[in-house]
Engineer: 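Submitted below is the structure of interest, expressed as structure tokens.
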Amino acid sequence: MDDMPETLIERVAMMEGILIEHATGRSSDGHVYEHLRREFIADAEVRALLPDYVRTCRTLDAFWPFIKDKHGRYQERRAFIRESFTPLIDHLEGRNRAPGDAVVGDALASFDVDGVHAVWTKALARRTADPEGAITVARTLLEAVCKHILDGLHIDYARRTTCPSSTAPSPAG
């Protein structure tokens with residue numbers, strides 16, 4: 001693919017544009033969509049934030065009946081597609097990331113016992129000086145492990161699901 005943008009965020013924006021073109025009756029390149037889709041599906045971090053319909057619609061021909069039935073008007077289709085790409089684009093721009101995300105993400109790249117242990121050790125080290133940071137790292141670790149297990153078992157879950165914040169009373173209360 002000669003005209004492929006260099007950065008991931010530009011390639012995500014390109015896919016969004018291809019889907020909007022196809023959803024509004026303009027010609028679009030199905031081969032580029034399929035190439036981008038394969039790339040994004042292969043990247044676990046991107047795949048988790050892709051709109052569900054991108055994961056299930058392997059081609060633009062498969063996407064057409066979905067979008068046609070979902071929204072009848074072009075403006076509704078454009079808004080729906082843009083909205084569905086917002087979490088992924090926000091993530092790639094660095095928005096909506098908790099302080100522990102980088103620590104957990106880096107350490108769990110191989111997702112082995114050593115990686116999990118390293119993150120847990122960092123959470124423990126922060127508990128006195130930065131208790132909120134320690135809780136964030138521990139919570140992010142727990143979410144990552146649970147999602148990894150669910151992915152391994154091929155169990156669907158809402159990709160944006162997070163552990164709720166604790167509202168339990170303190171031990172003294």
Side-chain angles (χ1 to χ4, degrees), residues 1-109 111 136-137 139-165 167:
M1 303 273 152
D2 295 336
D3 295 336
M4 197 62 62
E6 287 186 31
T7 68
L8 179 58
I9 195 162
E10 290 172 329
R11 291 192 303 277
V12 168
M14 177 183 250
M15 175 183 267
E16 180 185 42
I18 288 169
L19 288 166
I20 288 171
E21 283 181 0
H22 197 71
T24 56
R26 289 179 271 151
S27 72
S28 45
D29 191 337
H31 295 295
V32 173
Y33 169 80
E34 292 168 29
H35 173 82
L36 290 170
R37 183 184 172 278
R38 280 191 302 274
E39 175 188 340
F40 299 159
I41 294 288
D43 182 324
E45 184 179 8
V46 173
R47 181 181 59 238
L49 294 169
L50 274 176
D52 289 337
Y53 59 85
V54 173
R55 287 195 295 273
T56 59
C57 297
R58 291 183 173 89
T59 65
L60 290 176
D61 288 341
F63 171 69
W64 175 246
F66 165 80
I67 197 67
K68 186 178 80 157
D69 292 344
K70 184 102 177 144
H71 295 287
R73 302 181 66 197
Y74 286 174
Q75 182 55 34
E76 293 169 335
R77 293 175 188 172
R78 280 190 289 272
F80 171 77
I81 293 167
R82 285 188 185 113
E83 185 178 308
S84 67
F85 272 86
T86 296
L88 176 55
I89 291 171
D90 283 353
H91 176 75
L92 294 174
E93 290 177 340
R95 296 183 193 139
N96 303 327
R97 290 191 189 192
D101 288 354
V103 172
V104 173
D106 291 345
L108 297 182
F111 217 95
T136 299
V137 170
R139 196 169 135 222
T140 304
L141 173 63
L142 178 61
E143 290 171 8
V145 170
C146 290
K147 289 177 179 181
H148 180 76
I149 292 167
L150 292 172
D151 287 342
L153 295 171
H154 304 290
I155 296 173
D156 278 342
Y157 58 93
R159 298 289 172 188
R160 289 183 240 150
T161 299
T162 60
C163 290
S165 298
T167 56

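Values reported hereafter were calculated over all heavy atoms of this structure, with side chains retained and with hydrogens, waters and symmetry mates removed.
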Engineer: Could you tell me if the side chain of Y53 sits less than 4.5 Å from the side chain of L19, heavy atoms only?
Structural biologist: yes
Engineer: Search all heavy atoms of I67 against all heavy atoms of A23 and return the closest pair with its distance.
Structural biologist: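 Looks like CG1-CB, 3.9 Å.
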Engineer: Please identify each residue that fulfils side chain to side chain donor-acceptor pair (under 3.5 Å) with T56, with sequence neighbours left out.
Structural biologist: none
Engineer: Suppose the criterion is salt bridge (Lys or Arg N to Asp or Glu O under 4.0 Å): which pairs have a residue in residues 9-24, not counting sequence neighbours?
Structural biologist: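 Pairs touching residues 9-24 that pass the test: R11-E39.
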Engineer: Test side chain to side chain contact (heavy atoms under 4.5 Å, CB included) on V46 and H91; report intermediate values, then the result.
Structural biologist: CA-CA 9 Å; V46 173; H91 176 75; over 6 Å; no
Engineer: Looking at CG of D3 and CG of D29, how far apart are the two atoms once the value is rounded to the nearest 0.5 Å?
Structural biologist: 10.0 Å
Engineer: Might you point out which heavy atoms bring Y33 and L60 nearest each other, and give the distance in Å?
Structural biologist: CG-CD2, 3.8 Å
Engineer: Hey, could you give me each pair passing side-chain hydrogen bond (donor to acceptor under 3.5 Å, both in side chains) that has a residue in residues 62-77? Not counting sequence neighbours.
Structural biologist: Q75-R78
Engineer: Quick check: closest heavy atoms across I18 and V32, and the distance to 0.1 Å?
Structural biologist: CD1-CG1, 3.5 Å
Engineer: Using the side-chain contact (heavy atoms from CB on, under 4.5 Å) criterion, which residues pair with A62? Sequence neighbours excluded.
Structural biologist: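 Applying side-chain contact (heavy atoms from CB on, under 4.5 Å) to A62 gives C57, T59.
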Engineer: Under the side-chain contact (heavy atoms from CB on, under 4.5 Å) test, which residues partner L150, sequence neighbours left out?
Structural biologist: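 By the side-chain contact (heavy atoms from CB on, under 4.5 Å) rule, L150 matches I155, Y157.
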Engineer: If a pair satisfies ring pair (Phe, Tyr, Trp, His ring centres under 6.0 Å) and one of its residues is in residues 4-29, list it, with sequence neighbours excluded.
Structural biologist: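 For residues 4-29, and leaving out neighbouring residues, there are no ring pair (Phe, Tyr, Trp, His ring centres under 6.0 Å) pairs at all.
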Engineer: How far apart are the closest heavy atoms of V12 and I89, and which atoms are they?
Structural biologist: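 Closest approach of V12 to I89: CG1-CG1, 3.9 Å.
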